[in-house]
Amino acid sequence: MAKRKTKYVCQECGYESAKWMGKCPGCNEWNTLVEEIEASNVRGRHTFNVGSKSTGKPEKITSIESQKEPRVTTSMKEFNRVLGGGVVPGSLVLIGGDPGIGKSTLLLQISSQLAEKQLPVLYVSGEESPRQTKLRADRLGVKADLLYVLSETNLFDITKQIEEIRPSFVVIDSIQTVFREEVSSAPGSVSQVRECTSELMKIAKTNGIPIFIVGHVTKEGAIAGPRLLEHMVDAVLYFEGERHHTYRILRGVKNRFGSTHEMGIFEMKEEGLREVMNPSEIFLEERSQGAAGSTVVASMEGTRPVLVEIQALISPSSFGNPRRMATGVDANRVPLLMAVLEKRVGLMLQNQDAYIKVAGGVKLDEPAIDLALAVSIASSFRNQPTKPEDIFVGEVGLTGEIRRVSRIEQRVQEAAKLGFKRVICPKRNLDGWTTPKGIEVIGVNTVQEALDTGLAR
């Protein structure tokens, strides 16, 4: 009998080694290499062609016929927006998020809406029994006859049921529980996740069936398993939010059929998730009027402008090294803007503690929020509130200049719709478009001009 070959595979990045090592050379993580048995002959390694007209030979790009991908829309407009307009047939979508955040609830509601359109849906749960899924369905009011529930983890049996039912959509909850018999490692390992995802991708592409995959996340918030998993799928969606708050954010970080960084906002109710059509009103409904250190910024989340409140608290430090803490923005941006304010404006901030927070639990990462951050810090330090009807938009350079931002028209229109009276933005953004009625757009060149204009006297 031949001796079975073994290898050591990193459970974080998929690095393979012939011997065990304490530290993975691929991702520099400790104690992540696990012994696995090499599969001598794994079925399903044959190639497949996407589409019936593929010849397998190189074609001139000018001779290839381009066609718009047909999409199937759900009843949730926020979900459709994140996917780029709807579900594309044959797509493989990965959804990740913290435990208990609502991934299964979201997909069960989506499955019910698709089944109500007379499209059969197969919901495969490897973590719950059919009765547990039924209890959630009763709470959500799911009564679609074409929604089939299967509690199975063996990929061969799942594939067999897909061939028999011929569903229009498939949900796998979750990929870490599914296994292939040919791979000897445990479910959830790098080898199992890679092989199972590859088989599901083949099913999706050859049969034109959209497949949604739920992925577990690590303690750092990234999707568990090899990074190859995110490269294989067509779209990667993150379901975010605080467990003790009712609002959830579905954020797209990869999408081959639409724009990335789109965001959909939902509210968790007792009867399930309800989409929030105007998130700006939600984020600003508890804003304090006339409070120092509070500003409003118009940030772009994909193609949608969102108005968010930024709060700053500046207080004298009792430590040798002042503290710089930020929630919702890059922590490295706070000391940079404080250095600009100290050098270009003359604010003595080197002995001050700084605490920055984005209200509502939103994460902002675009340069256009720099001006609002700087004005919040200066407002709290001087104890001078900003005017409640003002919006601040702009990127701050190291020399104190205010640089232009993208899509200023959409930002101003969103501010005007919510009743704001003034928008303070880069002066270079004023050309080439018409200002909406009822709102004043003020252009500034430096941070000093923005503070002189925005801070109340």
Side-chain angles (χ1 to χ4, degrees), residues 5 7 9 13-16 26 38-73 80 82-95 114 119-122 124 155-172 175 178-183 190-213 215 223 225-237 252-262:
K5 295 182 179 181
K7 60 182 178 181
V9 182
C13 66
Y15 179 86
E16 297 183 3
E38 291 188 7
S40 58
N41 183 22
V42 179
R43 294 180 296 176
R45 289 290 191 180
H46 54 276
T47 60
F48 60 91
N49 294 326
V50 182
S52 58
K53 296 183 179 180
S54 178
T55 60
K57 297 180 181 179
E59 300 179 63
K60 293 181 180 180
I61 193 169
T62 55
S63 64
I64 300 176
E65 295 182 2
S66 60
Q67 58 182 5
K68 188 176 180 180
E69 292 288 344
R71 295 177 183 267
V72 179
T73 58
N80 298 334
V82 177
L83 286 178
V87 184
V88 177
S91 60
L92 189 63
V93 181
L94 175 64
I95 299 179
L114 293 172
L119 298 172
V121 180
L122 177 61
V124 181
L155 186 60
F156 177 78
D157 295 334
I158 295 174
T159 304
K160 185 178 179 181
Q161 293 300 323
I162 293 176
E163 293 175 353
E164 291 181 1
I165 299 176
R166 294 290 181 181
S168 299
F169 298 87
V170 176
V171 176
I172 305 294
I175 190 61
V178 181
F179 69 94
R180 293 187 64 172
E181 295 177 342
E182 300 87 351
V183 182
V190 170
S191 300
Q192 287 285 6
V193 171
R194 182 175 57 238
E195 294 296 333
C196 292
T197 305
S198 177
E199 181 68 21
L200 291 172
M201 181 177 64
K202 185 184 72 173
I203 295 173
K205 301 301 181 184
T206 54
N207 299 291
I209 301 175
I211 299 180
F212 295 94
I213 299 176
I223 294 180
R227 197 69 177 181
L228 178 65
L229 178 62
E230 299 185 32
H231 289 285
M232 294 171 66
V233 299
D234 296 313
V236 180
L237 311 179
V253 296
K254 174 189 176 181
N255 192 353
R256 289 174 178 164
F257 306 109
S259 62
T260 57
H261 301 291
E262 286 286 356

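Just so we're clear, the structure is a prediction, and the values are computed from it rather than from any experiment.
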N/O donor-acceptor pair under 3.5 Å between Lys254 side chain and Leu237 backbone: no
Nearest atoms (heavy-atom pairs only) where Val236 meets Glu230: CG2-O, 4.0 Å
With sequence neighbours excluded, residues passing side chain to side chain donor-acceptor pair (under 3.5 Å) with Ser91: none
CD1 on Ile203 to OG1 on Thr159, rounded to 0.5 Å: 3.5 Å
Sub-4.5 Å side-chain heavy-atom contact between Leu114 and Ser168: no
Euclidean distance, Leu94 CG relative to Asp234 CG, rounded to 0.5 Å: 11.0 Å
Salt-bridge contact Lys202-Glu199 (side-chain N to carboxylate O under 4.0 Å): yes
Distance-minimising heavy-atom pair for Leu83 and Arg71: O-NH1, 3.3 Å
Audit row: Val178, Ile158, side-chain contact (heavy atoms from CB on, under 4.5 Å) steps and yes/no: CA-CA 9 Å; Val178 181; Ile158 295 174; 4.3 Å; yes
Student check: side-chain heavy atoms of Ile162 and Pro167 closer than 4.5 Å: yes
Flag for Ser198-Glu195: side-chain donor and acceptor within less than 3.5 Å: no
Side-chain donor/acceptor of Gln192 to backbone N/O of Val183, under 3.5 Å: yes
Working for side-chain contact (heavy atoms from CB on, under 4.5 Å), residues Ile213 and Ile95: CA-CA 6 Å; Ile213 299 176; Ile95 299 179; over 6 Å; no
Nearest heavy atoms of Arg166 and Pro120, plus distance in Å: O-CG, 4.0 Å
Atom pair CG (Leu92) and CD1 (Ile211), whose distance is rounded to the nearest 0.5 Å: 6.0 Å
Gap separating the CD atom of Glu163 from the CG atom of Asn207, nearest 0.5 angstrom: 8.0 Å
Euclidean distance, Glu181 CD relative to Phe156 CZ, rounded to 0.5 Å: 7.5 Å
For Val87 against Pro210, the heavy-atom pair lying closest together: CG1-CB, 3.6 Å
Separation between CG of Leu200 and CG of Leu155, rounded to the nearest 0.5 Å: 5.5 Å
SB check Arg194 Glu16 (cutoff 4.0 Å): yes
Residue pair Pro89 / Gly208: nearest heavy atoms and the distance that separates them: CB-O, 3.8 Å
Main-chain N/O of Phe257 paired to Asn255 side chain as donor or acceptor, under 3.5 Å: yes
For the student: nearest non-hydrogen atoms of Ser191 and Val9, plus distance: OG-CG2, 4.5 Å
Residue Ile64 excluded, over 12 heavy atoms near CD1 under 6.0 Å: yes
Test log, rule side-chain contact (heavy atoms from CB on, under 4.5 Å), inputs Leu119 and Val72: CA-CA 10 Å; Leu119 298 172; Val72 179; 3.9 Å; yes
